[in-house]
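For ligands, and for the atoms within them, numbers begin at 1 and follow the listed sequence. Along the sequence shown, residues are numbered consecutively beginning with 1.
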Amino acid sequence: MQEHRHLLKTRLSNVLRTTSAHISELKGLGVVTVDDFLHYFPRAYRDQSEMCTISEMRVDKVNVVQGVLSKMFSRRTKTGKIMTMATLTDPTGNVNVMWFNQPHIQRMFRNGDELILTGKIKFDRAQITMMSPQYEVVRKKQLHTARLVPVYHERDKISSKWIREKIHPLLKGAQLLEDCMPGEMIEAEGLMSYGQAVRTVHDPKSEEDLQGARRRLAFDELFMLQFAALKRRYEFRKKAKDLGKKIVIDEDVSQRFYKEFGYELTGAQQRVISEISGDLTSPYPMMRLLQGDVGAGKTVVAAFGLVHAINSGFQAALMAPTEILARQHYESISKLLKPFGFNIQFLMGSLPEKQKKSIARQVSTGTVDLVIGTHALIQDGIQFKNLGLAVIDEQHRFGVKQRERLQEQGSPHVLSLSATPIPRTLTLVLYGDQDVSILDELPPGRQKIITRVVPEKKRSDAELWIADHIQKGRQIFVICPLIDESDVIEVKAVTTEFERLSNDVFANFRLGLLHGKLKSQEKEEVMNLFSKGEIDILVSTSVVEVGIDVPNATIMLIEGAERFGLSQLHQFRGRVGRGEYQSYCFLFTDSYGEESRKRLKSLEQNTDGFKLAEIDLAMRGPGEVYGVKQSGIPDLKMASLGDTDLIKRVRNAAADLVMKDPDLEFHQPLKTRLKQLEDQAAIA
Ligand code: ADP
Ligand code: MG
């Protein structure tokens with residue numbers, strides 16, 4: 001076996017008969033060795049497993065028939081195309097076959113060859129013709145027809161057909177793949193072996209067979225993620241037992257706080273506050289994620305914790321991903337907590353050195369009660385004397401490592417806030433190391449933002465209508481499309497739009513421009529002008545902060561809306577409707593695709609971020625919805641995140657193993673595999 005394993009590590013250039021151009025294109029796909037090739041999974045399948053006879057062929061389906069080729073000839077048509085004609089015969093009859101511009105067919109086959117053809121048929125003047133069918137000679141094992149045909153992501157030279165042909169002789173290598181999962185677990189779950197599963201996705205015998213293979217591979221993917229998260233949680237709890245900073249929830253303080261806040265808390269806020277209170281008073285440091293749609297009122301919940309932490313004699317911190325957000329928190333929380341007389345400081349990287357030093361000193365001597373700031377909070381030189389609670393806003397913009405930097409400051413309670421609504425099942429997979437609270441209720445009296453997908457021919461009407469609103473004193477956001485290729489192009493596009501609007505349609509108004517290439521101070525300046533009402537129209541790329549609050553802004557106009565995920569569009573929309581005026585969200589799209597129109601239309605009807613996330617997930621898959629890179633959400637090949645049952649089973653199995661063998665002393669192959677994935681940063 002050991003020697004055989006070498007086969008898996010063998011470079012494809014040594015085993016495939018092909019050109020160096022093919023090899024280098026494979027390399028571009030990350031496929032270098034036999035092992036890599038085996039893990040280049042199909043993206044879909046064409047079900048051509050059902051064959052029929054020539055007499056059974058039908059116009060309304062793709063027919064798969066086997067027969068003998070005769071009367072083959074090629075000729076040039078009047079328009080210069082090469083047309084190849086032939087007849088296919090089986091015991092039930094015969095059918096004409098026609099291919100266009102495939103001269104190689106004439107060279108590949110000769111009369112008398114036995115072929116399987118797959119394609120649609122056409123009736124014409126009492127003749128039945130098979131139009132440009134796919135073809136394959138009858139051989140011991142059909143690869144391209146008469147089966148569940150795997151379809152791969154293709155490149156220039158690397159077609160699915162090429163892959164099927166080349167991978168087939170290597171599939172026996174799959175049995176050499178090591179199964180790193182514990183045998184008992186695989187048996188208990190009734191799963192197929194790993195090698196078998198890999199082989200099967202390339203060569204499924206039936207739909208059922210394929211489901212079994214996918215289930216096994218999905219199980220593994222989910223397991224790695226969940227085990228890593230649960231292990232982190234286990235380690236943390238072991239280390240931190242009895243380290244929890246005992247925070248007292250003083251009823252008088254709560255009452256004063258509520259009174260200061262002035263609004264009645266929503267039911268969801270009350271529930272979450274009691275969940276958090278439970279954590280704060282327990283011997284374990286809290287590690288909790290609070291998810292809630294934009295505007296759900298996460299800040300007041302966090303502030304409740306901050307007040308009690310400080311009142312119990314601890315320091316507290318609140319970290320936000322950008323200066324704009326941090327400053328807004330600083331301002332609103334300072335105001336809310338004013339009567340308590342705490343020492344609250346604002347910390348960001350761009351402050352003068354002297355001021356930063358002074359704050360750092362106050363942090364380390366304990367004279368400051370609450371620091372609100374950017375990631376400057378976790379830079380070297382910031383050492384809290386007695387940190388009791390740390391709040392991380394927009395936590396997905398930070399990594400696990402950054403959260404750990406805060407935890408290292410004496411194991412404070414940590415509360416992470418997220419406005420990215422993620423379906424519950426996905427939360428389990430991705431944030432299995434944290435407890436999760438959900439704010440699923442908006443404060444009362446929120447207006448409904450009128451949302452419309454605007455057809456291009458209505459653009460000038462819409463613009464006039466918008467101009468009228470600005471005339472009346474309102475402000476608007478214009479979001480320009482997301483451009484993947486490069487920041488430079490994106491900046492150029494937003495600048496062009498800015499100029500078009502300034503010179504043409506909205507020439508009489510004051511416009512501001514915001515994009516990722518601006519220095520943070522410049523961004524801040526533009527945002528400030530906008531929030532002070534000194535800019536009427538803010539033209540921005542997606543960098544516009546999801547947390548900012550400008551009550552006078554009532555229109556959100558989004559260009560190229562189809563390029564954004566629904567969740568992100570929903571977050572943009574959450575920028576308006578924060579004040580007393582009726583607000584609107586207009587979606588412009590360059591796409592006439594039925595699919596993307598349907599997707600955008602769902603924003604017209606739905607106001608619930610969780611619901612939208614689910615729709616998006618179902619329509620586009622996790623990678624696209626959350627942007628693998630930005631969100632740190634791994635690119636799952638197989639896992640169906642809709643399969644709640646599987647996710648739960650995996651979680652139980654992972655939890656079980658974390659309890660039994662947390663360091664995987666007795667599961668070395670799994671340990672090695674997890675280490676590999678961690679090194680590739682495939683699991684956070
Ligand atoms: P997010 O969850 O998006 O961070 P915020 O905490 O910024 O939302 O809250 C949005 C707005 O709603 C704030 O102006 C806040 O004062 C207000 N708010 C929060 N909770 C309530 C409530 N229970 N009743 C009325 N207004 C509320
Ligand atoms: Mg917020």
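- Residue pairs meeting the side chain to side chain donor-acceptor pair (under 3.5 Å) criterion with at least one partner in residues 244-253, sequence neighbours excluded, are Glu251-Gln255.
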Please report the C-alpha distance between Asp440 and Lys611 in whole Å, then the side-chain angles of each, then the deciding distance to 0.1 Å, and finally whether the salt bridge (Lys or Arg N to Asp or Glu O under 4.0 Å) criterion is met.
-> CA-CA 11 Å; Asp440 51 4; Lys611 177 85 190 132; over 6 Å; no
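- For Ala419, the closest heavy-atom approach to ligand 1 does not fall below 4.0 Å.
- Contact between Ala296 and ligand 1 is present, with at least one heavy atom of the residue lying under 4.0 Å from the ligand.
- A side-chain donor-acceptor contact under 3.5 Å links Gln475 to the backbone of Ile535.
- In terms of polar-atom proximity, defined here as any N/O pair under 3.5 Å, Leu265 makes no such contact with ligand 1.
- Listed by atom number, the atoms of ligand 1 under 4.0 Å from Val294 heavy atoms are 3 (O).
- Under a 4.0 Å heavy-atom criterion, Arg446 is in contact with ligand 1.
- Contact atoms of ligand 1 toward Thr266: 23 (N) (distance under 4.0 Å to a heavy atom of the residue).
- Where the criterion is an N or O separation shorter than 3.5 Å, residue side chain and backbone included, Pro443 fails it with respect to ligand 1.
- Side-chain atoms of Gln379 come within 3.5 Å of backbone atoms of His375 as a donor-acceptor pair (strictly under, hydrogens ignored).
- Of the possible polar contacts, one joining the Asp369 side chain to the Asn343 backbone as a donor-acceptor pair under 3.5 Å is found.
- With rounding to the nearest 0.5 Å, the separation of CD in Gln407 from CG in Leu387 is 10.5 Å.
- For Tyr258, no heavy-atom contact with ligand 1 is shorter than 4.0 Å.
- Residues Lys385 and Thr365 come closest through the heavy atom pair CD-O, 3.1 Å.
- Ring planes of Phe257 and Phe261: parallel class, angle under 30° (limits at 30 and 60°).
- Taking every heavy atom of Thr299 and a limit of under 4.0 angstrom, the matching atoms of ligand 1 come to 4 (O), 5 (P), 6 (O), 7 (O).
- Taking every non-hydrogen atom of Glu264 and a distance limit under 4.0 Å, the qualifying atoms of ligand 1 come out as 22 (C), 23 (N), 24 (N).
- Looking at Gln328 against ligand 1, nothing comes within 4.0 Å, counting heavy atoms.
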